[in-house]
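Being a predicted model, the structure only gives us computed values, none of them experimental.
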Amino acid sequence: MVYHNLKALIKGIRGCKTVADERALIQQESAAIRASFREEDSYQRHNNVAKLLYIHMLGSPAHFGQIECLKLVASPRFSDKRLGYLGIMLLLDENQEVLTLVTNSLKNDMNHSNMYAVGLALCTFANIASEEMSRDLANEIEKLLGSSNTYIRKKSALCALRVVKKVPDIADHFISKAKSLLTDRNHGVLLTAITLVTELCAIDENNLNEFRSAVPLLVRNLKSLVTTGYSPEHDVSGITDPFLQVKILRLLRILGKGDAQASETMNDILAQVATNTDGSKNVGNSILYETVLTVLDIEADTGLRVMAINILGKFLTNRDNNIRYVALNTLNKVVTMDTNAVQRHCNTILDCLRDGDISIRRRALELSYALINETNVRILVRELLVFLEVADDEFKYGMTTQISLAAERFAPNKRWHIDTVLRTLKLAGNFVREEILSAFIRLVAHTPELQAYTASKLYLALKADISQESLTLAATWILGEYSDILLEGGVIVDEQTTQPVKDSELIDLLISCLDSPYSNYLIRQFVLAALTKISARATTSRPEQDRVAELLAKYTTSPELELQQRAVEFASLFTLGEMRSGVLEQMPAPELKATVMGVVSEKKPVGSTKATEGDLLGDDIAATPTIANGQTGASAQSNQDLLAEIFGSSSTPAAPSTSTSPPPPQKQGIQDILGLFDSTPSTGPPATPSVPPSFPPTPATATAAPPSSAFNLVSAQAPATPSAPKLTAYTAYEKNGLKITLTPQTSPTKPGIVMILARFQVTGGSAATGITFQAAVPKSQQLQMLPMSNSTVNPGATETQQMRVAAPVGSAVRLRLRIGYTVDGTPYQEQVDFSGFPAGLTSGSS
């Protein structure tokens, strides 16, 4: 059955009972339309194209009607032109060759005497114009911008916008006409003109100076919109043309940024808009929000900025979640601009932590972190700890990190700092990063006057709850290290009460952790080391020492290799007599350093302290890149974005930094124990000790190691590995007088972890200066880098840089390297892919 018009076709399709019937009908009708096109039936062409466009909208092929649309456009009848241009917009796009045939028709109709025919051509051009078509018809568009007809001026301004986007190099042709359009009194023309000017300013910053002279004109237009009475033609919810007001505010924001004179001109009108706009409806709120953004971007007065932040604070009390979210998001961006003004709304921000919307809570949290300073740290941290108790698990890692960093930066005294971290460990001990735990233990080690207090608090906390991993680890380490203080002075319950504690009770507590269902591989390692240390103290009775020895003997047959090795080594210490006390004496306080900056959520930086040199991050922390000149923050982020472009989104880039200081000399007690096993300390690069995987690997020295390595001192120098294996260097780059070799090192106890030492040498007679060495790994792997020892390599010298790769066991380690350097004044920039390491490297065999 052949359908003679669109109405009949729609009725026939709707009458189909199944999809198969509908598909068959469409195929039959498409065949009939094609046959009619071949017969050149001009009478039916209009109906056929109309039916074909409906078929196209249903998702069926209709490309064979493209030429027929061109024929309709060439028709003198307006109805044919309208349908033809509609077909062209639906069936063609800027990438099709047929579009070339449309250019001449568009040019002819742009010069048509009927303004509606001109409007059809302009509308079609604005939708499908390609770069070539834009160049061909740019002059026609420019002429139409000066038309006396407002309908044509409005549409030609949108066409000019298309030309500017497609061919930015001819944008200057439209500058003078765009200026004249800003004086137009018609709201539609003015709206499109401002859109065009905004795009011209975005394409070329030099155009900003051309349009800054129009700021007074824009201010007058905005003032007339704000002060005008009721205008039924442009009224929306009692506000005159809010769309035009928003467009003007956005353009003012662009023109006023970085220009004090332009900003001064618009200050008064911005204050008037902020004061007179009704914020009870979304229309008014949209204008207020744009006003706030404009004030915060331009060189506005301090009072105007405070008013803008107060508007955002008022948004926080709105019942609409979208408005509260927008306010929090904006405050997060401007909190560094005027922290005191944001602080006035601190209580409202804290109230948002109790909001039912998770996105509101997340933004409120991030803003709360940014508001913490020396004066309010007690109040805000207390509120955050209250929220931590009921927070979702996905927030807890970030919260424990931020609370600990805030305590580290702004603590009024060390006791408050210790109490805060202890409270954090009690509330969310299973969600604490290793760097935070390390920093806490370093703090206790450097605060001898509070070691008894801390040990008492941890003892009581551990008795009450052994389910929190980080609490258990911290308590085990502190109790093992400072057990003599606890046993001599007793447990400090409060300021006036001290409760005695027996060595048997302390050992019972640690053994209960060992046998707990919450115990894991790392906790058992800590407990064995703590028990061994406690047994060496003079305050421990002989029966309890024998009890510890029996426990160690039990673990000498443990199926867990690391525990077995530790138990064997610790048990052997019991035969050394007096030397055992020297080996197991208190660790010297490790070097104090700032907590590592990482990323907790949505790429927000943790705290504001820089990563300390010598730190390698844990597997679940992403390092903020540190650039060779020492810049971090925004510069580092931009460098990371650049690397992401080069290496692709699937890589994890890291960048070099400044050199690290050498480790301090070892103590005599350590030399003694090394002598027991006929091993001497290496003078080369420090080997990675057999530390628990929870902490970053560091050199096995008594003064610089993190707390966990105190328990691994003997294990790291075990008789089972009397000498280091021979390491092989692989050449990764050799060109222009610079040679880079990579030496991998693995440990059987840590499959999947590969330590790589990069060595830089000059093979020619000239030094290589300004070396930047950046690396990336596949998404399935993680990479951390230490700073380069020196960015200049002189002839005969060797500079080094350490890397750590965590990869799935059995996978190949692949690196993409980006190397920049200068030799004899000539800069070089190279990128190489390296995959020359032997197979099985990540399995622990090197």
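Salt-bridge check for Glu830 with Arg818: failed, with every basic side-chain N at 4.0 Å or more from each acidic carboxylate O. Using a cut-off of 4.0 Å between Lys/Arg side-chain N and Asp/Glu carboxylate O, Arg814 and Asp833 are scored as not salt-bridged. We find that Glu569 and Arg566 are not joined by a salt bridge, their nearest charged nitrogen and carboxylate oxygen being 4.0 Å or further apart. Contact check on Glu394 versus Arg362 returns a salt bridge, with a Lys/Arg side-chain nitrogen under 4.0 Å from an Asp/Glu carboxylate oxygen.
Across all non-hydrogen atoms, the minimal contact from Thr746 to Ile753 is CG2-O, 3.9 Å. Nearest heavy atoms, Pro748 versus Pro751: O-CD, 3.6 Å. Residues Pro838 and Tyr730 share a closest heavy-atom pair of CD-OH, 3.2 Å. What you find for Thr822 and Pro827 is that their closest heavy atoms are OG1-CA, 3.9 Å. The two residues Pro744 and Leu727 have their closest heavy-atom pair at O-CD2, 3.9 Å. The two residues Pro795 and Ser766 come nearest to each other via the heavy atoms CG-C, 4.1 Å.
Within a 6.0 Å sphere centred on CD of Gln261, other residues, nucleotides and ligands contribute 12 heavy atoms or fewer. Few gaps surround NZ on Lys396; more than 12 heavy atoms of other groups in view lie less than 6.0 Å from it. Atom CZ of Arg305 sits in a crowded spot, with more than 12 heavy atoms from other residues, nucleotides or ligands closer than 6.0 Å.
Side chain of Ser263 to backbone of Ile298: no donor-acceptor contact under 3.5 angstrom is found. The main-chain N or O of Val444 is found under 3.5 Å from a side-chain atom of Gln451 such that the two form a donor-acceptor pair. Using a distance-only test at 3.5 Å, with no hydrogens or angles considered, no donor-acceptor pair links the side chain of Asn736 to the main chain of Val823. Although no hydrogens or angles enter the test, the distance criterion places no donor-acceptor pair under 3.5 Å between the side chain of His417 and the main chain of Leu443. A donor-acceptor pair under 3.5 Å is formed between the side chain of Lys533 and the backbone N or O of Glu585. Counting only distance, with no hydrogens or angles, the side chain of Glu481 and the backbone of Met587 share a donor-acceptor pair below 3.5 Å. When atom types are taken as modelled, the side chain of Asn794 and the backbone of Ala797 share no donor-acceptor pair closer than 3.5 angstrom. Checking side-chain atoms of Gln781 against main-chain N and O of Ala812 turns up a donor-acceptor pair under 3.5 Å. For Arg212 (side chain) and Leu255 (main-chain N/O), a donor-acceptor pair under 3.5 Å exists by modelled atom type. Of the possible donor and acceptor atoms, one in the side chain of Asn207 sits under 3.5 Å from a partner among the backbone N and O of Leu200.
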### Task
Decide salt bridge (Lys or Arg N to Asp or Glu O under 4.0 Å) for Arg759 and Glu799; before the verdict, give the C-alpha distance in whole Å, the side-chain angles of both, and the deciding distance to 0.1 Å.
CA-CA 6 Å; Arg759 289 187 172 88; Glu799 303 299 339; over 6 Å; no
### Task
May I have the step-by-step check of side chain to side chain contact (heavy atoms under 4.5 Å, CB included) for Met788 and Ile771, ending in yes or no?
CA-CA 9 Å; Met788 188 175 174; Ile771 297 177; 3.9 Å; yes
### Evaluation steps, side chain to side chain contact (heavy atoms under 4.5 Å, CB included), between Asp259 and Asn209
CA-CA 10 Å; Asp259 190 288; Asn209 296 326; 5.5 Å; no
### Query
Going through the checks in order, is the side chain to side chain contact (heavy atoms under 4.5 Å, CB included) test met by Phe837 and Ile756?
CA-CA 11 Å; Phe837 290 144; Ile756 302 173; 3.7 Å; yes
### Tyr733 vs Phe834, ring pair (Phe, Tyr, Trp, His ring centres under 6.0 Å): CA-CA, chis, key distance, verdict
CA-CA 9 Å; Tyr733 177 83; Phe834 177 79; over 10 Å; no
### Query
Should Leu783 and Met803 be marked as a side chain to side chain contact (heavy atoms under 4.5 Å, CB included) after you check the CA-CA gap, both sets of side-chain angles, and the distance that decides it?
CA-CA 7 Å; Leu783 169 69; Met803 298 183 285; 4.1 Å; yes
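Considering only heavy atoms from C-beta on, Leu473 comes within 4.5 Å of Leu437 through its side chain. Counting heavy atoms from C-beta outward, Met337 and Leu296 have side chains that approach closer than 4.5 Å. Inter-residue side-chain proximity for Phe440 and Leu425 is flagged as met; some heavy-atom pair is nearer than 4.5 Å. Counting heavy atoms from C-beta outward, Pro168 and Asp204 have side chains that stay 4.5 Å or more apart. For the pair Thr741/Lys739, a side-chain contact is recorded, criterion being any heavy-atom separation below 4.5 Å from C-beta on. Within the 4.5 Å cutoff, the side chain of Ile418 has no heavy atoms near those of the Val421 side chain. Contact of the Leu738 side chain with the Thr763 side chain is not registered, since no non-hydrogen atoms from C-beta on lie closer than 4.5 Å. Between Val777 and Gln782 the shortest side-chain heavy-atom distance does not fall below 4.5 Å.
The CG atom of Leu786 lies 5.5 Å from the CD atom of Gln802; values are rounded to the nearest 0.5 Å. Once rounded to the nearest 0.5 Å, the distance linking CG of Asp172 with CD of Glu210 reads 9.5 Å. Atom CD1 of Ile254 and atom SG of Cys201 lie 6.0 Å apart (nearest 0.5 Å). Going from atom NZ of Lys333 over to atom CG of Asp297 covers 10.0 Å, rounded to the nearest 0.5 Å. In this structure, Gln801 CD and Asn790 CG are separated by 11.5 Å, a value rounded to the nearest 0.5 Å. Rounding to the nearest 0.5 Å places OH of Tyr521 at 6.0 Å from CG of Leu563.
For Phe760 and Phe773, the ring centers are positioned less than 6.0 Å apart.
With no hydrogens or angles considered, a side-chain donor-acceptor pair links Arg433 and Thr401 at under 3.5 Å. Of the N and O atoms on the side chains of Gln784 and Arg804, at least one donor lies less than 3.5 Å from an acceptor on the other residue.
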